[in-house]
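Everything below concerns the one structure shown next.
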Amino acid sequence: MFRGYNLRQKEVVNIKTAERLGYIHDVEISEITGNIEAIIVPRRGCILKRLLGGGELIIPWDAIEVVGEDLVLVRLFSADVEKLT
């Protein structure tokens, strides 16, 4: 078992494209079940978007394949990444 704060600062890698997506910044938790629904990764180079409330990837928990010691491997197709931005 791991705690939510252990997810922070783990690097997220898309195993479909081998792209480094960034580091986990936050998580979305269901108010009803208490389960983690998604991880949030700030987009690189989008400082202005982040300041204005955008520029982050919200990756659904079911897209996560493996949570390792240093990495989180996700399976996203390029169309999925475009929808998440």
Side-chain angles (χ1 to χ4, degrees):
M1 178 173 15
F2 60 91
R3 297 179 183 267
Y5 66 84
N6 289 341
L7 282 176
R8 287 185 58 101
Q9 300 305 313
K10 287 186 188 271
E11 187 171 17
V12 179
V13 176
N14 184 355
I15 59 176
K16 187 70 179 162
T17 62
E19 178 186 5
R20 293 176 165 196
L21 300 175
Y23 290 85
I24 297 175
H25 177 70
D26 206 351
V27 295
E28 283 187 3
I29 298 175
S30 169
E31 293 178 17
I32 297 168
T33 65
N35 293 331
I36 297 175
E37 296 288 321
I39 57 175
I40 300 172
V41 178
R43 296 290 291 183
R44 295 183 189 176
C46 294
I47 294 172
L48 183 60
K49 282 187 179 180
R50 277 189 274 173
L51 291 174
L52 298 175
E56 54 191 26
L57 290 174
I58 300 173
I59 301 170
W61 187 257
D62 60 355
I64 296 173
E65 295 288 326
V66 176
V67 177
E69 193 171 313
D70 298 323
L71 292 173
V72 175
L73 301 177
V74 298
R75 184 176 302 274
L76 295 174
F77 297 94
S78 58
D80 294 334
V81 173
E82 292 303 318
K83 287 190 291 188
L84 297 175
T85 57

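Start at 1 with the first residue, then count along the sequence.
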Path from Leu73 to Leu57 over hydrophobic side-chain contacts below 4.5 Å: no
Which residues share a salt bridge (Lys or Arg N to Asp or Glu O under 4.0 Å) with Glu65, sequence neighbours left out: Arg75
Lys10 side chain vs Ile24 backbone, donor-acceptor pair below 3.5 Å: no
Ile39-Leu71 co-clustered via ILVMFWY side chain contacts under 4.5 Å: no
Shortest non-hydrogen contact between His25 and Pro42, atoms and distance: CB-CD, 3.5 Å
Donor-acceptor contact below 3.5 Å, side chain Asn14 vs main chain Leu76: yes
Listed partners of Asn35 passing side chain to side chain contact (heavy atoms under 4.5 Å, CB included), at least two apart: Thr33, Glu37
Minimum heavy-atom distance between Ala38 and Pro60, given as atom pair plus value: CB-CA, 4.1 Å
Ile29 reachable from Val72 in the ILVMFWY side-chain graph, under 4.5 Å edges: yes
CD on Glu28 to CD1 on Ile40, rounded to 0.5 Å: 4.5 Å
Linked, directly or transitively: Trp61 and Leu21 (ILVMFWY side chains, under 4.5 Å): yes
Ile36-Val74 co-clustered via ILVMFWY side chain contacts under 4.5 Å: yes
